[in-house]
Amino acid sequence: MSKKRKRVSRRRLAGQRVLSYVPSFHLDTGELKPVTAARHYIADQGLKPPALINVRRNEHTTDRFFLAEKGVFSAHYAAENHFLFPSLKTIVESIGEETIYAGLENISDDWDEMEDYDYAFV
């Protein structure tokens, strides 16, 4: 039986490229749940958005969170919907769309759907 090919999303790939320019922080959960540990770390360190927080749950699992203007989101959600976050829009504008989105033109996907959105205040 052949292996099912995973769907490639231009929108997610573009979001991952944008998130690669965001500062990231790493921590262990300890006794807390991952999102609680991330929130405590944000409060203790006084982090300002945008930021990625990588929370190591155990030796096999790491949860990723994105600190935005209006709260903490899953990094996967932020990558899929990077066009909704004003702080990520600023990063795209400062680096340039041509640089970040280079090479993504040849992947057929729901990219045109993204073009319909304006950046929203999330």
Side-chain angles (χ1 to χ4, degrees):
M1 184 174 211
S2 65
K3 186 177 178 182
K4 186 176 177 183
R5 186 167 175 222
K6 193 170 185 178
R7 184 172 162 247
V8 177
S9 168
R10 260 198 300 180
R11 192 165 80 176
R12 189 181 75 246
L13 289 174
Q16 288 173 347
R17 288 184 183 182
V18 174
L19 287 177
S20 70
Y21 291 95
V22 174
S24 63
F25 303 89
H26 304 275
L27 65 138
D28 289 322
T29 59
E31 298 290 318
L32 303 172
K33 292 180 180 178
V35 70
T36 306
R39 289 180 187 279
H40 283 266
Y41 184 79
I42 291 165
D44 293 343
Q45 300 296 319
L47 297 181
K48 301 292 181 207
L52 279 175
I53 297 97
N54 298 312
V55 183
R56 187 172 175 180
R57 209 183 317 171
N58 56 41
E59 67 266 13
H60 304 292
T61 310
T62 300
D63 294 316
R64 298 177 67 225
F65 300 100
F66 174 70
L67 174 62
E69 295 80 4
K70 295 288 184 174
V72 178
F73 297 86
S74 157
H76 182 79
Y77 175 82
E80 285 277 345
N81 300 293
H82 64 279
F83 49 89
L84 296 175
F85 296 96
S87 59
L88 296 180
K89 178 186 178 192
T90 305
I91 290 173
V92 171
E93 289 173 351
S94 67
I95 294 169
E97 288 185 14
E98 306 81 30
T99 306
I100 291 179
Y101 302 143
L104 296 177
E105 304 86 20
N106 300 331
I107 300 173
S108 62
D109 190 335
D110 55 354
W111 184 265
D112 298 328
E113 184 179 303
M114 185 192 81
E115 300 292 331
D116 297 337
Y117 291 98
D118 282 332
Y119 283 82
F121 289 96
V122 176

side-chain contact (heavy atoms from CB on, under 4.5 Å) assessment of Phe65 paired with Arg39: CA-CA 10 Å; Phe65 300 100; Arg39 289 180 187 279; over 6 Å; no
With clusters defined by side-chain heavy atoms of hydrophobic residues (ILVMFWY) lying less than 4.5 Å apart, directly or transitively, does [Y] cluster with [X]?
{"X": "Val92", "Y": "Tyr77", "value": "yes"}
{"X": "Phe25", "Y": "Leu19", "value": "no"}
{"X": "Val22", "Y": "Leu84", "value": "yes"}
{"X": "Leu32", "Y": "Leu47", "value": "no"}
{"X": "Ile95", "Y": "Phe66", "value": "yes"}

To the nearest 0.5 Å, what is the distance between [atom1] on [X] and [atom2] on [Y]?
{"X": "His26", "Y": "Tyr41", "atom1": "NE2", "atom2": "OH", "result": "9.0 Å"}
{"X": "Leu67", "Y": "Lys48", "atom1": "CG", "atom2": "NZ", "result": "9.0 Å"}
{"X": "Asn81", "Y": "His76", "atom1": "CG", "atom2": "NE2", "result": "9.0 Å"}

Side-chain heavy atoms of Val35 within contact of Asp63, under 4.5 Å: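 Not in contact.
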4.5 Å side-chain heavy-atom contact, His82 and Gln16: no
Flag if over 12 foreign heavy atoms under 6.0 Å of CD, Glu59: yes
Residues that Glu98 engages under salt bridge (Lys or Arg N to Asp or Glu O under 4.0 Å), provided they are two or more places apart: none
Chi angles and distances behind the side-chain contact (heavy atoms from CB on, under 4.5 Å) call for Val18, Phe83: CA-CA 10 Å; Val18 174; Phe83 49 89; over 6 Å; no
Working for side-chain contact (heavy atoms from CB on, under 4.5 Å), residues Thr29 and Lys33: CA-CA 6 Å; Thr29 59; Lys33 292 180 180 178; over 6 Å; no
